[in-house]
Protein chains: 2
Amino acid sequence: MESLAALTDRQKDVYEFIRHLIRHRGYGPTVREIGEAFQIRSPNGVVCHLKALERKGLITREANRSRAIQLVAEPLSRLALPLAGRIAAGALHEAIEQDERIDLGEMFDTSDDDLFALEVSGDSMIEDQIADGDYVIVRRQKTARKGQIVVALTDENEATLKRWFPEKNRIRLEPANSSMKPIFVKNAKILGVVVGVVRKVA
Amino acid sequence: MESLAALTDRQKDVYEFIRHLIRHRGYGPTVREIGEAFQIRSPNGVVCHLKALERKGLITREANRSRAIQLVAEPLSRLALPLAGRIAAGALHEAIEQDERIDLGEMFDTSDDDLFALEVSGDSMIEDQIADGDYVIVRRQKTARKGQIVVALTDENEATLKRWFPEKNRIRLEPANSSMKPIFVKNAKILGVVVGVVRKVA
DNA sequence: CTCGATTATGGACAATTGTACAATATACGC
DNA sequence: GCGTATATTGTACAATTGTCCATAATCGAG
């Protein structure tokens, strides 16, 4: 909104070049590599651009290290998509021009080793809008608050996706499907709590 | 399943170290940086590990370039989560040990500039399991097949999320909510087609 | 007009860094 | 026991690479 707008065309090109390399090649360019790509004959010419980008907050660099350009704007996620605004909001076009971004890597912190995904089988949670074939993002933890959607392991060593309701002497595992009945078990182990849902639409 | 399993503990550690740096710091390590982290005093000691990782297909390197380590297993995405298997599948524990991964960056190719996200407002698509507050992932395109979920701009310049049904002289935009009626318009512009849904569960 | 920011050239230096070669030790399967 | 893969040390070299200095043209703002 501000930082990006303040860039000159040249700087924007350089930034895009760096970003493209990190994204597609997996590692960033050297100062001279950038120079080559833009016909800048002197390393110092490139350094000027890098300093400008750093000053404007788009990148970070670490002194004396090769290829040590860090993207600040989309720091650790590649799954940052431009967010176009709310659908009901009418003037969608304008919203798209903004550069708000939804960063799924931030939503579901991938560096968090306690997250895992699980493909959903069946319609037991359909009324919570979790359908067959969806992936639920689960945080590994052993406890849950009443009513949370959990992945639980019942006595019979069966894993299920249900809402979690502890009662006096038993646990009620309730599906979100009015045609199905809750399951009551004495013991159930929580494997994790659902923190997200991801679906690929055909 | 094969590649990761074939790794020695040491190699796995080195791989994780590289991956961690690329993920969290934004750029990979030098040969000597790896050596330092693992008390390997000679650059060559590290190179051996890198060669092993390359041979086993986990990384790629480019000759004579600094920090030029490319991760092959999760090439361009940071949103790769371990996939624990299908929930109904019973023996979930074992499934978690596998190293299948769901790669959201692959599911929704972030390098694709024609993708954007949109926050959903309202319950008009609730029967397609798209709820208020969800984010739909949309591919910018101007046409759609009959029945696809599209983001459309109607005559009144209002953006809506509906199923797309072209008819003879008009277009039917159908909500997935039996309490709502389809909208009929003469002209509607398709802004994009829904390719995914992402939800954050509180 | 002058000042600052932008965008460059050219050359030089020193540190970083990948690679190569020569050895060694351990573990494992045959 | 012997060969192969793993894991490591040590040294050396040459190329890569970041940084710095001096210099300068262009352009918009004050």
Side-chain angles (χ1 to χ4, degrees), chain A residues 2-22 25-73, chain B residues 2-22 25-73:
Chain A
E2 200 271 317
S3 46
L4 260 173
L7 290 184
T8 65
D9 285 346
R10 193 70 165 162
Q11 287 166 0
K12 202 180 287 184
D13 287 345
V14 171
Y15 175 73
E16 282 305 328
F17 175 74
I18 295 168
R19 180 170 136 184
H20 181 268
L21 281 188
I22 294 180
R25 193 179 62 175
Y27 58 90
T30 63
V31 169
R32 283 169 183 80
E33 251 177 43
I34 299 172
E36 238 174 283
F38 290 91
Q39 337 286 341
I40 301 172
R41 291 203 190 77
S42 165
N44 191 44
V46 175
V47 169
C48 280
H49 287 300
L50 295 181
K51 280 180 179 162
L53 288 174
E54 194 166 13
R55 184 163 35 79
K56 295 182 181 177
L58 282 129
I59 63 168
T60 293
R61 300 184 70 210
E62 281 177 67
N64 295 312
R65 327 194 95 171
S66 62
R67 303 178 195 274
I69 301 174
Q70 299 162 310
L71 301 180
V72 174
Chain B
E2 202 270 319
S3 46
L4 260 173
L7 291 184
T8 65
D9 285 345
R10 194 69 165 160
Q11 287 166 0
K12 202 179 287 184
D13 288 344
V14 171
Y15 175 73
E16 282 304 328
F17 175 74
I18 296 168
R19 180 169 134 184
H20 181 268
L21 281 188
I22 294 181
R25 193 178 63 176
Y27 59 90
T30 63
V31 168
R32 283 170 183 81
E33 252 176 43
I34 300 173
E36 236 173 285
F38 290 91
Q39 337 287 341
I40 301 174
R41 290 203 189 76
S42 165
N44 191 44
V46 175
V47 168
C48 280
H49 287 300
L50 294 181
K51 280 180 180 161
L53 288 175
E54 193 165 14
R55 184 163 36 77
K56 294 181 181 178
L58 283 129
I59 64 168
T60 294
R61 300 183 69 210
E62 282 177 66
N64 294 313
R65 328 193 94 171
S66 63
R67 305 177 193 272
I69 301 174
Q70 299 161 312
L71 302 180
V72 174

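This structure is a prediction, so every number in the text was calculated from the model and none was measured. Below, chains carry the letters A, B, ... as their sequence lines are ordered, and counting in each starts from 1.
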Any donor-acceptor N or O pair under 3.5 Å, side chains R67(A), T30(A)
no
Within this structure, what is the [atom1]-to-[atom2] distance between [X] and [N], rounded to whole angstrom?
X	N	atom1	atom2	answer
K12(A)	dT7(C)	NZ	C1'	17 Å
I59(B)	dG18(C)	CD1	P	12 Å
I69(A)	dG18(D)	CD1	P	8 Å
Y27(B)	dT17(D)	OH	P	15 Å
R67(B)	dT17(C)	CZ	P	5 Å
Q11(A)	dA8(C)	CD	P	10 Å
E62(B)	dT17(C)	CD	C1'	16 Å
L50(A)	dT19(D)	CG	P	9 Å

Could you report the tightest heavy-atom contact between L71(A) and Y15(A), atom names first, then the distance?
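Smallest interatomic distance, heavy atoms only, reads CD2-CE1, 3.9 Å.
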Please report the closest heavy-atom contact between I59(B) and R61(B), naming both atoms and the distance.
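Looks like CD1-CG, 4.1 Å.
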Can you check whether [X] has a side-chain N or O nearer than 4.0 Å to OP1 or OP2 of [N]?
X	N	value
S66(A)	dT17(C)	yes
K56(B)	dA5(D)	no
R55(B)	dT6(D)	yes
S42(A)	dG11(C)	no
H49(A)	dT6(C)	no
T8(A)	dT7(C)	yes
R10(A)	dT6(C)	no
R65(B)	dT17(C)	no

Which nucleotide in dT19(C), dT19(D), dG10(D) has an atom nearest any side-chain atom of N44(B):
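The answer is dG10(D), which lies nearest to the side chain.
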Candidate nucleotides dA7(D), dT7(C), dG10(C), ranked by approach to the side chain of R41(A) - the nearest
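Ranking dA7(D), dT7(C), dG10(C) by closest atom to the R41(A) side chain puts dG10(C) first.
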Need one value for A63(A): base, sugar-phosphate or nothing, where a base atom within 4.0 Å counts as base even if backbone is also close, heavy atoms only.
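Here A63(A) touches the backbone only, sparing every base.
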Answer yes when R41(B) and E36(B) have at least one side-chain N-carboxylate O distance shorter than 4.0 Å, and no when they do not.
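Looking at R41(B) and E36(B), the cut-off is not met.
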I'd like to know whether E54(A) forms a salt bridge (charged side-chain N to carboxylate O under 4.0 Å, His left out) with K51(A), so could you lay out the CA-CA distance, the side-chain angles of the two residues, the decisive distance to 0.1 Å, and finally the verdict.
CA-CA 5 Å; E54(A) 194 166 13; K51(A) 280 180 179 162; over 6 Å; no
Does any part of the side chain of V14(B), heavy atoms only, come nearer than 4.5 Å to the side chain of V46(B), both counted from C-beta?
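No, side chains not in contact.
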May I ask you to check if R19(B) and F17(B) form a cation-pi contact, with NZ or CZ under 6.0 angstrom from the six-membered ring centre and within 45° of the axis?
no
Checking the side chain of Q11(A) only, and the main-chain atoms of T8(A) only, is there a donor and an acceptor separated by less than 3.5 Å?
yes
Nearest nucleotide by nearest heavy atom, which residue falls closer to the 5' end of DNA chain C, C48(A) or A68(B)?
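So the residue in question is C48(A).
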State whether the distance check finds a donor on one side and an acceptor on the other, under 3.5 Å, for side chain N64(A) versus base dT19(D).
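Check fails, no donor-acceptor contact within cut-off.
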Using a heavy-atom distance cut-off of less than 4.0 Å, which residues of residues 29-40 of chain A contact DNA chain C?
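Heavy-atom contacts with DNA chain C come from R32(A), Q39(A), I40(A).
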